[in-house]
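These notes are about the structure you will find just below.
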Amino acid sequence: MNKPVEVPGAVATLTGAEAVVEMLKAHGVEVVFGLCGDTSLPLYDAMARLGSLKHVLTRDERHAAYMADGYARLSGKVGVCEGPSGGGATYILPGLVEANESSVPVLAINTDVSVSSRGRYTLTELDQRNLFKPLTKWNAVLDRAADIPRVFRRAFEAMTSGRPGAAHIALPFDVQNGPVERGDVWADPTLGSFPSRRVAPDPAMVELASGLLRKAKQPLFICGGGVILSGAEGELLELSQKLGAPVATTISGKGSIDERSGHSVGVVGSNGGTPETRAVVDAADLIVFVGCRAGSVTTERWRHPAPGRARIIHIDVDPSVPGANYKVDVPLVGDARLCLASLNEALEGHRRDGDLSLVEMKKGEKFAKFEALARSEDTPIKPERVVLELQKQLEADAIVVADPGTPCPYFSAYYRVRRSGRRYFSNRAHGALGYAMAASIGAHIAKPKPKTVAVMGDGSFGMCVGELETAVRLKLPITFVVISNAVYGWIKAGQKTGYQQRYFSVDFGVTDHAKVAEAFGVKSWRVFDPGALASVLKHALAHGGPSLVDVVCQPLHEAKAPVSEWVA
Ligand SMILES: Cc1ncc(C[n+]2csc(CCOP(=O)(O)OP(=O)(O)O)c2C)c(N)n1
């Protein structure tokens, strides 16, 4: 274990605000995303004076949290965001909730009214403890400065051990000015990255699971975000090769395997899954869920796999997950990497030539349909075309962030990640519109070398447009792609299939998003013609600063989206 870091220095006492900065640094934090406020003035002054943290000023606290989320997903470190009391707390909440439910460690610090002003109708006072309690893995309201070191250590431990999650700390104004002993300011820096404390599975359960795997005729892995969160891609590949077993993923699990591999099935489920990927799930006689909650989307409301049809091994670090949705034959509770490594060990020398021909055939069928649509010269431009052009032009290490609406199902289904690891993500816990722009900024700050692209609907664009200023101010070479159709298309598609096309209050006006972006100083294009898309994207992706391509697209309710409810 690394030695705890003690912060050197001559002064015996720090202010609370200084101690906060030092505690973040001691946990390896380099960047904080946030927005200023009256109650944050001591904290900002400490950041200015100590000069050791990079601060990214955002235009909305929601996006500060989304940036911290994108940063954490790509860096493997805790993402940190901050905002002021009152509105700053209510605005930061959505990003924190998404991170928590997606098992991403994000720490939000909201400053607060002074302890001495509580209960006196003080402007911006609200009950931060109860606001954040049900929506974070761990939270605290500080009452005195001396508690800062202990509270921060506990927050980092909670965020990065077991199932990773979000934490919240409320930091009152007067606490920021109170005294903290310098000797108390220390941390274990390994708690700044995740997973910080890996838990190994019960050997008896490993034995049972390996027995089932030896006997299975048609085993299938279904991998959720837990594989990438625990860095288990290598162990997964080794095990799938030993067993000759195909590997399917959820949307968050995309990147568990290089999707060009013969073992890769692609994304399964109701959003991004297709009848072809479903056929692979239905053919399995043993399903191994890995770091996956087997939720409604992945399993098409618990119909695929059909309960009782296949045996189930369920690997998860959270003991409450196996058995929540399926009758599990073997629950393997532990870190995904350690669980898969134990199975590899138990199956040492075992080699089974699995039959991957069904996977190959079904993938062929799926992509033949996709490519026929992607080659269409029809206007408005089909979403398939956008995926194909980006697939052709992006390097294998590129990072793609997709918003709900058209981007998520299309990129989940058809954009093939060509390396394992985090190359693609979407906010799948709550699916709030307007996530991708900010998350892509956080991702880019964590990993500046690869090209980062955010794909969003125009509904999403309307919810995040202000952060274009942040991208311009920071000169970030991110490309934003807007799927422009002047409608909340996903909901209109639901009205089409479920409510006899009684369309109600889902259409909005046409906006030239390229002109809007141009006003922010973003290099922008608006494209109507499918034939022009490739060249426009080429220029946009090569641009040295922020760029935006507004693609006037076929509305989702008219498209052949890979969404099982509508296909049926
Ligand atoms: C904050 C938020 N409000 C409402 C929804 C419900 N919702 C899901 S998809 C969708 C429509 C998305 O519209 P747009 O971004 O334009 O993309 P499109 O579906 O048209 O491609 C809506 C309103 C949501 N996901 N998030």
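Just so you know, ligand 1 is whichever comes first in the structure, and atom 1 is the first atom listed for that ligand. Computation of the quantities below employed the complete heavy-atom set of this structure, encompassing side-chain atoms and omitting hydrogens, waters and symmetry-equivalent molecules.
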Dump all N/O pairs between ligand 1 and the protein below 3.5 Å as a table: atom names plus distance, one pair per row.
from, atom 1, to, atom 2, distance (Å)
ligand 1, 15 (O), Gly459, N, 3.2
ligand 1, 15 (O), Ser460, N, 3.1
ligand 1, 16 (O), Asp458, OD1, 2.9
ligand 1, 16 (O), Gly459, N, 2.8
ligand 1, 16 (O), Val487, O, 3.0
ligand 1, 19 (O), Gly489, N, 3.2
ligand 1, 19 (O), Trp490, N, 2.8
ligand 1, 20 (O), Asn485, OD1, 3.2
ligand 1, 20 (O), Asn485, ND2, 3.1
ligand 1, 20 (O), Val487, O, 2.8
ligand 1, 20 (O), Gly489, N, 2.8
ligand 1, 21 (O), Thr406, N, 2.9
ligand 1, 21 (O), Thr406, OG1, 2.5
ligand 1, 25 (N), Gly431, O, 2.8
ligand 1, 26 (N), Leu433, N, 3.1

Is any side-chain heavy atom of Leu548 closer than 4.5 Å to a side-chain heavy atom of Val482?
-> yes
All ring pair (Phe, Tyr, Trp, His ring centres under 6.0 Å) counterparts of Tyr424, not counting sequence neighbours | none
Could you check whether the rings of Tyr488 and Phe508 sit parallel, tilted or perpendicular, using 30° and 60° as the cut-offs?
->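 It falls in the perpendicular class, over 60°.
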Ring geometry between Phe367 and Phe370 (parallel below 30°, tilted from 30 to 60°, perpendicular above 60°) = perpendicular
Please, which pairs that meet side chain to side chain donor-acceptor pair (under 3.5 Å) have at least one residue in residues 389-400, sequence neighbours excluded?
->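 Every candidate side chain to side chain donor-acceptor pair (under 3.5 Å) pair involving residues 389-400 fails, so no pair, neighbours aside, qualifies.
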Sequence neighbours left out, what pairs pass side chain to side chain donor-acceptor pair (under 3.5 Å) with at least one residue falling in residues 265-275?
->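 Those involving residues 265-275 are Thr274-Glu276.
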